[in-house]
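The structure appears below as structure tokens.
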Amino acid sequence: MSSDNGLYRPDEIEKKWQQFWEKSGIFRAKDCDESRPKYYVLDMFPYPSGQGLHVGHPEGYTASDIVARYKRMKGFNVLHPFGWDAFGLPAEQHAIQTGTDPKETTQKNIDNMRRQTKSLGFSYDWHREIATIEPKYYKWTQWIFLKMFNSYYDGNQQKARPIEELDIFDELSEQEKQKYIDNHRLAYEAEVAVNWCPALGTVLANEEVIGGLSERGGHPVIRKPMRQWMLKITEYAERLLDDLSEVDWPESIKKLQRDWIGKSIGAEVEFKIVDCDWNVRVFTTRPDTLFGATYMVFSPEHALIDMITTDDQKETVEKYRQEATRKSDLDRTDLAKEKTGVFTGAYAINPVNGEKIPIWISDYVLISYGTGAIMAVPAHDERDFEFATKFNLPIIPVVEPPDREQADLVMQGKLCFIGDGRAINSGRFDGLSTPEFKEKITIWLEEQNLGKKAINYKLRDWLFSRQRYWGEPFPILHTEDRRVIALSEQDLPLELPLVDNYKPAGTGEPPLANADDWINVTLADGTKAKRETNTMPQWAGSCWYYLRYLDPDNDRQGWAAEKEKYWMPVDLYIGGAEHAVLHLLYSRFWHKLLYDLGYVSTKEPFKKLINQGMILGEDGQKMSKSRGNVVNPDNVIADYGADSMRLYEMFMGPLEAIKPWNMQGVEGVHRFLQKLWRAVIDRDTGELDKAVQQIQADEETLRLLHQTIKKVGDDIDSFGFNTAISAMMILVNHISRLTIRPKAVIERLVLILAPFAPHIAEELWERLGHTESLAYASWPEYDKELIKEKEIELAVQVKGKIKDRIVVSADADEEQIKQKALSCKKVIAAMDGKEPRKIIVIKSRLVNIVT
RNA sequence: GCCGGGGUGGCGGAACUGGCAGACGCAAGGGACUUAAAAUCCCUCGGGGCGAAAGCCCUGUACGGGUUCGAUUCCCGUCCCCGGCACCA
């Protein structure tokens, strides 16, 4: 008679162990424990969306959990926290539509996603859970903003310093002093042309505009000048670039960041404008082509245009400028379009040869890069070439291409050449190579006081305000007499007021402008002031959350210094590649500010970074509701259990790869767990199977076990989780075929499986007779000697083609192997009576006989 | 257009540092067990050819070349797919 007491029941054992982990507090990280090395494993915290978890989330979380559990078994004190990046547009859009407080919506979503996350059995220290929307959290986001506001960047020391230490000229008036200080703050206000999205009723950061449309929603975006808060990330450009060499990140991500920062080295050159007192500066990376500068182009927004435009050109120029401002970024960057532009009537003098050259304006020159004006060298710049060709401007070649054919075309003005070559038409510089020329002319320009070496970055200051309700309020007051003052630290947090209308006004005035009680403030001295009504962007909270985990309940500091010293930096950071630039660059920027001011002890926050790849639907398409190919983790767990879910996510392929979901693959790993279970547990009684016995394992089993222990450990170290699982499958296949299964082998198998499938591992561990959780059991050691094969099979090739195989003992020497190989019948036949010219023996691989 | 990543069976993928291509899993086919089915277990499984069979031969890692005793791996060229950037002077 058979009962089913011994069946594998993931639903039961998973609930049991999750409750045990929670109640026992076994995964609470101990601060400042100097007896063990520390290890900080961090997941990018999610936005708590109404859709809940999708299968992409657990991919990264499982990988980090495997590492966390593995490191604990290796004796590390592991910090593995979780939380919520909870400010965000969906909850606010919902609030606008329904009038529900976004806090309520968000809280509900957090509760649901927490339930889902816990059902996967991750070993998070839930006592450290944080959410960026909680006042006790954003108090410190505001605090860091104040640090930013109250600091300036000391260019000589290359670091941020308190604003009180800024040197000010005494002869300035009070007002001028204040202006000077405000201009130097790392958080400052500016009237900037922003990306205004009428449909969303907000401005967007450059990064949030994709091809002239809003990243979220795809609405059109136009340019509009508005007062905005900016953060001086540009001051950190050089350090953000340099310190990339210190972090262990994928090269591709580092490159994206380098390109985003976009450093270029060149020269600034001053051009005199004919018949007036104005000079204009341009930035160029090719000062060696100065002799070929045949005209200049100003950006339509350039301030000098009004002063230099001749009367007869005024109307045309004005018309063009109007059009340019009306154009959205999309129109301006449409590459299919032809270059446009108009002549200003003014001329400049080329400083190297005294030639009079016309000044044009065109929107292919950007006001925000360099000086907003360029010298145009049509022979050696493709954009200038296109423009010159269209408007019939002179093209003078000044670099001779090394290639003869190219050189001919360039000399005829028919080809634009942007490479390095030899200088021509450049007076006494003729004959120089491009790099030499660059160096010499830069020195010459400096001597003549006409220019100097210069560096430019593509990186712009970070537009930090949003016309939104659902974000951190700025701790800033605007007084009646137009001063901007910061709240003091004791006044934090400045909490969001309750409002009854979440709609933006549509004029650009944020929703908070309607909260009268909240906005109007009277200072101690009686001065009336209004609160800042913009809020911070979603990135703010995620810039520093990894620090709050260190000390989440501290209400006197964002984090305690000794905890920061103990835990930082983050040893491993896992998350999606979509944050390659923004989140990771912003965090690094904030971290460097905090470093300068002495609040953190490391230059970089994240030592090692891994990106998990996207998981596609079963149809190979990106998962989306409209395609109907979304896989819900809840269903997978209900059908197969969390261990199968975890295992499958890791077994699909390399962590970083993009890969399609396949429900039958889940079935496959589930069968693997079943097979292990059946090999250990008696189906009827639920006790250990009678085949599991305390006996010495045979040689082959022992070898396979030790090989597997080594492989799984090595693979976890290198994030090769898919191959680690396949190695364990091989071992389970072997064990399940044994009639007597050595208990000690099974125990070690259970231990190495534990980081991947912790519930079944804990359950089996218990049923194997252990009374303590395996969470801190020592990771099994492997024996190098036991791993070695006794006999090795070698392929024997004749001239690179395999003819036969031989088996030799592992310690056979080369001569023995050669003899054995040469004596194979098939080899003799293949050699066709010829003498071996050369015999290559690759130990433990093959023999190749060349005749 | 530029930059980065990639292209291996029907599918996901594996292959140390240039050394037996296709581990492991899925799907498929065959068999065992069963009254039957499910589950489980065993076998086959890149393509083509020869053979009654054991087995043997040829070919094959997007395509075309090259280096090498030997190339999925290194080099050159071409095609395709994915991601990022997009007039940054």
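All chains are named by letter (A, B, ...) in the order of the sequence lines, taking the proteins before the strands, and each is independently numbered beginning at 1. The analysis underlying the following values was restricted to heavy atoms, covering all of them including side chains, and did not include hydrogens, waters or symmetry mates.
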Phosphate OP1/OP2 of B:A89 contacted by A:S264 side-chain N/O (<4.0 Å) = yes
Evaluate the side-chain proximity of A:I735 to A:L705: yes if any heavy-atom separation is below 4.5 Å, no if none is.
-> no
Classified by glycosidic angle (syn within 90° of 0, else anti), B:G12 comes out anti
Which dot-bracket string describes RNA chain B (Watson-Crick N1-N3 plus N6-O4 or O6-N4, or G-U N1-O2 and O6-N3, all under 3.5 Å; [ ] crossing; | other strand)?
-> (((((((..(((......[....))).(((((.......))))).(((((....)))))..(((((..]....))))))))))))....
Just checking, any donor-acceptor pair under 3.5 angstrom between side chains of A:N848 and A:K838?
-> no
When rounded to whole Å, the CG to P distance for the pair A:N611 and B:C82 reads 20 Å
Under 3.5 Å, which N/O atoms of the protein pair with N/O atoms of nucleotides 5-12 of chain B?
residue: B:G12; atom: O2'; partner: A:M652; partner atom: O; Å: 2.6

N or O in side chain of A:R683 less than 4.0 angstrom from B:A39 OP1/OP2 = no
Nearest nucleotide by nearest heavy atom, which residue falls closer to the 5' end of RNA chain B, A:Q674 or A:L459?
-> A:Q674
Taking only nitrogen or oxygen atoms into account, show me every contact under 3.5 Å that the protein makes with nucleotides 42-49 of chain B, one pair per line with its distance.
residue: B:C42; atom: OP1; partner: A:R737; partner atom: NH1; Å: 2.9

What pairs of nitrogen or oxygen atoms, one from the protein and one from nucleotides 57-61 of chain B, lie under 3.5 Å apart?
residue: B:U59; atom: OP2; partner: A:K801; partner atom: NZ; Å: 3.2

Under a 4.0 Å heavy-atom cut-off, which of residues 709-717 of chain A touch RNA chain B?
-> none
Value in whole Å for how far the P atom of B:C26 lies from CG of A:N733 | 9 Å
Does one side chain, of A:S299 or A:Y369, offer a donor that lies under 3.5 Å from an acceptor on the other?
-> no
Close N/O contacts between protein and nucleotides 66-77 of chain B (under 3.5 Å):
residue: B:C69; atom: O2; partner: A:N848; partner atom: ND2; Å: 2.3

Would A:N662 and A:Y648 count as having a side-chain donor-acceptor pair, cut-off 3.5 Å?
-> no
Does a distance-only test, which skips hydrogens and angles, find a donor-acceptor pair under 3.5 Å between the side chain of A:K339 and the base of B:C87?
-> yes
